[in-house]
Protein chains: 2
Amino acid sequence: MTGVLYGVGLGPGDPDLMTLRAHRLISGARVVAYPALAGGESFARAIAADAIAPGTREIVMDVPMTTARAPAQTAYDKGAREIAVALEAGEDVVCLCEGDPFFYGSFMYLFARLKDRFNVQVIPGVTSITACAARAGLPLAARNERLTVLPGPLPEAELRARIEGAESVAIMKVGRHLPKIRAVIDTLGLTEHAVYIERASLPQEVVCPLAEAPTNAPYFSMILLTKGADPWL
Amino acid sequence: MTGVLYGVGLGPGDPDLMTLRAHRLISGARVVAYPALAGGESFARAIAADAIAPGTREIVMDVPMTTARAPAQTAYDKGAREIAVALEAGEDVVCLCEGDPFFYGSFMYLFARLKDRFNVQVIPGVTSITACAARAGLPLAARNERLTVLPGPLPEAELRARIEGAESVAIMKVGRHLPKIRAVIDTLGLTEHAVYIERASLPQEVVCPLAEAPTNAPYFSMILLTKGADPWL
């Protein structure tokens with residue numbers, strides 16, 4: 001009997017926003033796996049830390065910090081091989097994923113490599129989008145409104161076209177793209193409708209109007225923009 | 001001291017997909033509130049049932065089954081008044097919300113009515129979108145991909161334009177709009193990329209290619225469409 005690979009969403013950062021199932025799977029795990037950035041801390045492991053039992057084996061995937069694809073893919077190749085050995089030996093492996101595994105998550109790289117050979121179960125998690133909306137007190141979408149999710153690294157012209165054609169917009173992974181995104185939103189005359197959020201649900205959380213956003217935004221930052229009619233009716 | 005109103009996301013249906021915080025707030029609640037459709041069952045209450053302690057007071061908002069706005073708004077007016085009385089008396093009220101309170105959730109109607117007078121805290125939940133993706137084994141968005149969320153009741157021409165211009169698409173609230181949506185996706189030649197899911201995470205869950213979808217879809221059904229390049233690389 002081979003083991004089961006669980007891709008477990010941990011939510012946006014506050015361990016209290018983990019699901020009951022995520023918590024149970026992690027607490028009972030004998031093997032956990034997670035990515036860590038360039039030999040540094042793993043955000044996923046930090047969220048799950050209190051749930052990981054002493055003696056649990058940890059498979060760490062060191063993902064290099066670069067926008068080039070090949071080095072990261074090599075890290076996932078290596079991680080997938082190590083996970084496969086554990087699964088072949090009949091051990092279940094719980095892979096820790098920030099947010100939701102299938103929503104801009106790196107778990108899909110492991111899923112791609114292992115889904116045809118093993119039983120892979122995905123446990124959804126709270127995404128940063130609804131966590132940010134909750135913290136900003138900003139309903140995202142109601143009734144027949146449309147919501148568009150855009151990654152901040154998109155080119156300026158595409159961001160502009162997409163924001164123009166949408167109602168509610170969530171812009172993920174703002175980070176160093178903040179000046180470009182602010183300029184686009186300014187040009188469209190929408191700055192007063194935009195909220196900036198970084199590290200939602202964590203102690204260092206920041207929530208403010210986009211006009212007051214800090215100059216340097218971390219990777220885990222987001223802009224929410226709602227253009228619809230007053231959502232309060 | 002007035003009480004705090006908590007808008008608590010319960011996730012897509014499986015009680016195990018509630019967050020730890022949601023579970024703790026509900027278990028400790030002395031007053032819960034929730035909508036019920038036209039005097040019938042409340043899906044939100046059903047999800048939370050095992051966490052509600054005996055003796056908890058329940059404020060039920062009977063929402064009439066109609067697409068007209070006024071009757072539903074009257075129900076939320078009445079519910080908000082009843083909740084306000086409890087808050088004024090210093091009691092906390094935990095409002096039970098399917099999915100996430102700010103993602104196509106009716107909690108925003110209560111939020112609109114009470115946020116200026118009371119302390120309102122929103123606890124995000126797992127949305128049906130990532131729950132459906134998890135059950136369908138379908139990564140939603142990676143890297144710089146865009147995701148568009150569309151409600152099924154939108155007019156045909158708008159659905160077509162929106163689907164055409166998007167990469168990953170999630171179409172919510174399919175229900176009786178299924179034939180119209182299928183026709184649009186067929187015309188665009190995208191049926192083979194589309195997955196149909198109903199009642200994700202519940203025992204009666206259905207997951208199948210859109211081409212094999214049942215004729216009658218319940219309100220809680222969704223179509224996921226990913227047009228991007230092979231997401232497995």
Side-chain angles (χ1 to χ4, degrees), chain A residues 7 9 11-12 14-21 23-24 69 73 100-109 111-113 115 120-127 129-131 133-135 137-151 153-154 162 165-166 173 201 230-233, chain B residues 7 9 11-12 14-21 23-24 69 73 100-105 107-109 111-113 115 120-127 129-135 137-151 153-154 162 165-166 173 201 230-233:
Chain A
D14 182 339
D16 218 23
L17 293 178
M18 232 182 275
T19 63
L20 300 173
R21 186 174 302 159
H23 192 266
R24 185 166 352 97
R69 279 195 197 177
Q73 296 307 316
D100 180 278
F102 277 172
F103 189 75
Y104 299 100
S106 58
F107 180 72
M108 65 183 74
Y109 304 125
F111 184 73
R113 285 159 174 77
K115 73 186 167 76
V120 184
Q121 301 288 327
V122 176
I123 317 300
V126 173
T127 68
I129 291 191
T130 65
R135 297 301 302 161
L138 201 70
L140 274 177
R143 289 184 288 263
N144 290 338
E145 289 172 6
R146 307 169 305 256
L147 170 69
T148 304
V149 183
L150 302 172
L154 287 176
R162 295 276 157 191
K173 312 183 196 180
S201 87
D230 188 343
W232 312 130
L233 295 172
Chain B
D14 182 339
D16 219 23
L17 293 177
M18 230 183 276
T19 63
L20 300 174
R21 185 173 303 160
H23 191 267
R24 184 165 354 95
R69 280 196 196 177
Q73 296 308 316
D100 180 279
F102 277 172
F103 188 75
Y104 299 100
F107 181 72
M108 64 184 73
Y109 304 125
F111 184 73
R113 286 160 173 76
K115 74 187 167 74
V120 184
Q121 301 287 326
V122 177
I123 316 301
V126 173
T127 67
I129 291 192
T130 65
C132 284
R135 297 301 302 162
L138 200 71
L140 273 177
R143 289 184 289 263
N144 290 340
E145 289 171 6
R146 305 169 307 255
L147 170 68
T148 303
V149 183
L150 302 172
L154 287 176
R162 295 276 158 190
K173 313 183 194 179
S201 87
D230 187 344
W232 311 130
L233 295 172

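Protein chains get the first letters and strands the later ones, always in sequence-line order, with residue 1 at the start of each.
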>> Looking at chain B, which one of A:I129, A:T127, A:T130 has the largest number of heavy-atom pairs inside 4.5 Å, strictly under?
In response: A:T130

> Counting distance only, does the side-chain N/O of A:Y104 pair as donor-acceptor with the main-chain N or O of B:L140 below 3.5 Å?
Replying inline: no

> Can you name the residues that form a salt bridge (Lys or Arg N to Asp or Glu O under 4.0 Å) with B:R162, not counting sequence neighbours?
Replying inline: B:E158

> Side chain, backbone, both or neither: which part of B:T148 has a heavy atom under 4.5 Å from chain A?
Replying inline: both

> Which of the residues B:L17, B:V120, B:I123 is involved in the greatest number of heavy-atom pairs with chain A at under 4.5 angstrom?
Replying inline: B:L17

>> Suppose we screen for side-chain hydrogen bond (donor to acceptor under 3.5 Å, both in side chains). Which residues come up paired with B:N144, at least two apart in sequence or across chains?
In response: none

>> Out of B:P151, B:G11, B:S201, return the one with the most heavy atom pairs under 4.5 angstrom to chain A.
In response: B:P151

>> Shorter than 4.5 Å, heavy atoms on both sides: which option in A:L147, A:L154, A:D14, A:D100 has the most such pairs with chain B?
In response: A:L147

> side-chain contact (heavy atoms from CB on, under 4.5 Å) between B:Q73 and B:R113: does it pass, once the steps are laid out?
Replying inline: CA-CA 10 Å; B:Q73 296 308 316; B:R113 286 160 173 76; 2.7 Å; yes

> Pick from B:R135, B:Q121, B:M18, B:R24: which one has the most heavy-atom pairs with chain A under 4.5 Å?
Replying inline: B:M18

> Hey, does the side chain of B:K173 reach the backbone of A:R143 with a donor-acceptor pair shorter than 3.5 angstrom?
Replying inline: yes

> Looking at B:L150, B:L20, B:V122, which has the largest count of heavy-atom pairs under 4.5 Å with chain A?
Replying inline: B:L20

> What is the ring orientation for B:F102 with B:F111, classed by angle as parallel under 30°, tilted 30 to 60°, or perpendicular over 60°?
Replying inline: perpendicular

> Can you say whether B:P15 sits under 4.5 Å from chain A via the side chain, the backbone, both, or neither, judging by heavy atoms?
Replying inline: backbone

